[in-house]
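The residues of the chain are indexed from 1 along the displayed sequence.
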Amino acid sequence: MTRARIVRGLLPAAAVVCPPGASAHAPIEGMEGFWLGVRHPLTEAPSCLALLALAFALAWAGWRPFRSAMVAYAAGLLLGLVLAWLTGLIGLAAPLLVLAAACAAHGASHQPAAPRGPALLLPALAAATGFWLAPAQLPEPGPAGDVLVTLTGGLLTLVLTPVVILGWVDVLVAADRPSWVLVVPRVLAGWLLALAVLLLALEFAA
């Protein structure tokens, strides 16, 4: 199965989740907890920046690095979630913003499908980002069923966001576009870098 087919196959599922996730109300009555979880990673600035910066870095690096880094990302998510559940580890803003800055700098610094730096750099960034993103998605204590539903929504957003960004970047790279179009994702990554550095400075100044 080619990269394009995989991306096109997953994008409809992502589209089903993402538009309702941006809404203030659940589209299906009784699913409020799930949609709250879906929205949560995108409504907290440190989590949102780290997630988007990682997604751009992975998508911009190419299909093969994307696959290996997503495995590391999933492992980081699982480890962070287990430790948060067992030890009370919480998602801190500072590590997420540092990782957001590192991922954004990586994504903004190279041409598409031409990653720079050590081969393990992206998987390491992905694993670390997943590790710190997972605890930030744990909902408030409550009935086990409600907690699980809300957590599932959050994890779905964490996993599908890189796929959505990959699909968008894939369209830009694969199509016959003017060369300046390929600069757009790098500019966006640069903005994410600037925002992460700004928020990190405010975090330490507080």
Side-chain angles (χ1 to χ4, degrees), residues 1 3 6-7 9-11 13-14 17-18 21 34 37-42 44-107 109-110 113 115-139 144 147-170 189 192-193 196:
M1 184 176 291
R3 170 182 174 177
I6 293 174
V7 171
L10 290 175
L11 280 178
V17 171
C18 292
F34 177 77
V38 168
R39 293 194 305 268
H40 188 265
L42 302 177
E44 299 289 331
S47 294
C48 183
L49 284 175
L51 178 59
L52 292 179
L54 176 66
F56 272 107
L58 296 185
W60 209 228
W63 179 232
R64 185 171 296 177
F66 179 88
R67 286 186 299 177
S68 59
M70 281 297 286
V71 173
Y73 178 55
L77 283 173
L78 180 60
L79 179 60
L81 190 60
V82 170
L83 287 181
W85 199 278
L86 296 178
T87 68
L89 177 71
I90 61 174
L92 300 176
L96 285 172
L97 291 172
V98 169
L99 288 165
C103 291
H106 188 281
S109 64
H110 61 264
R116 296 175 181 173
L120 294 179
L121 178 59
L122 263 183
L125 286 174
T129 304
F131 177 82
W132 284 107
L133 277 174
Q137 311 316 313
L138 280 179
V147 170
L148 182 59
V149 167
T150 303
L151 181 60
T152 300
L155 292 177
L156 193 62
T157 296
L158 293 182
V159 172
L160 285 183
T161 298
V163 176
V164 173
I165 301 299
L166 171 66
W168 180 62
V169 171
D170 190 65
L192 291 174
L193 172 60

Okay, side chain of Ser68, backbone of Pro65: is any donor-acceptor separation there less than 3.5 Å?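 Side chain of Ser68 to backbone of Pro65: a pair is present.
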Does Glu44 reach the main-chain N or O of His40 with its side chain, forming a donor-acceptor pair under 3.5 Å?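 Checking the backbone N and O of His40 against the side chain of Glu44, no donor-acceptor pair under 3.5 Å is found.
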Dump the intermediate steps for side-chain contact (heavy atoms from CB on, under 4.5 Å) on Leu138 and Leu81, then the final yes or no. CA-CA 8 Å; Leu138 280 179; Leu81 190 60; 3.7 Å; yes
Spacing of [atom1] belonging to [X] relative to [atom2] belonging to [Y], to within rounding of 0.5 Å:
X      : Y      : atom1 : atom2 : result
Phe56  : Leu192 : CZ    : CG    : 6.5 Å
Trp132 : Leu99  : CH2   : CG    : 9.0 Å
Leu49  : Leu54  : CG    : CG    : 12.5 Å
Gln137 : Leu155 : CD    : CG    : 7.5 Å
Leu121 : Cys103 : CG    : SG    : 8.5 Å
Ile165 : Leu51  : CD1   : CG    : 8.5 Å

Show the nearest heavy-atom pair for residues [X] and [Y], with the distance to one decimal.
X      : Y      : value
Ala93  : Pro46  : CB-CG, 3.8 Å
Trp85  : Val147 : CH2-CG1, 4.1 Å
Tyr73  : Pro162 : CE2-CG, 4.3 Å
Ala100 : Ala196 : CB-CB, 3.9 Å
Ala104 : Ala53  : N-CB, 3.8 Å

[X] versus [Y]: any side-chain heavy-atom pair under 4.5 Å?
X     : Y      : answer
Leu96 : Ser47  : yes
Pro95 : Phe131 : no
Leu58 : Leu166 : no

Is Arg67 atom CZ crowded by more than 12 heavy atoms from other residues, nucleotides or ligands, each under 6.0 Å away?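 Count over threshold, so yes.
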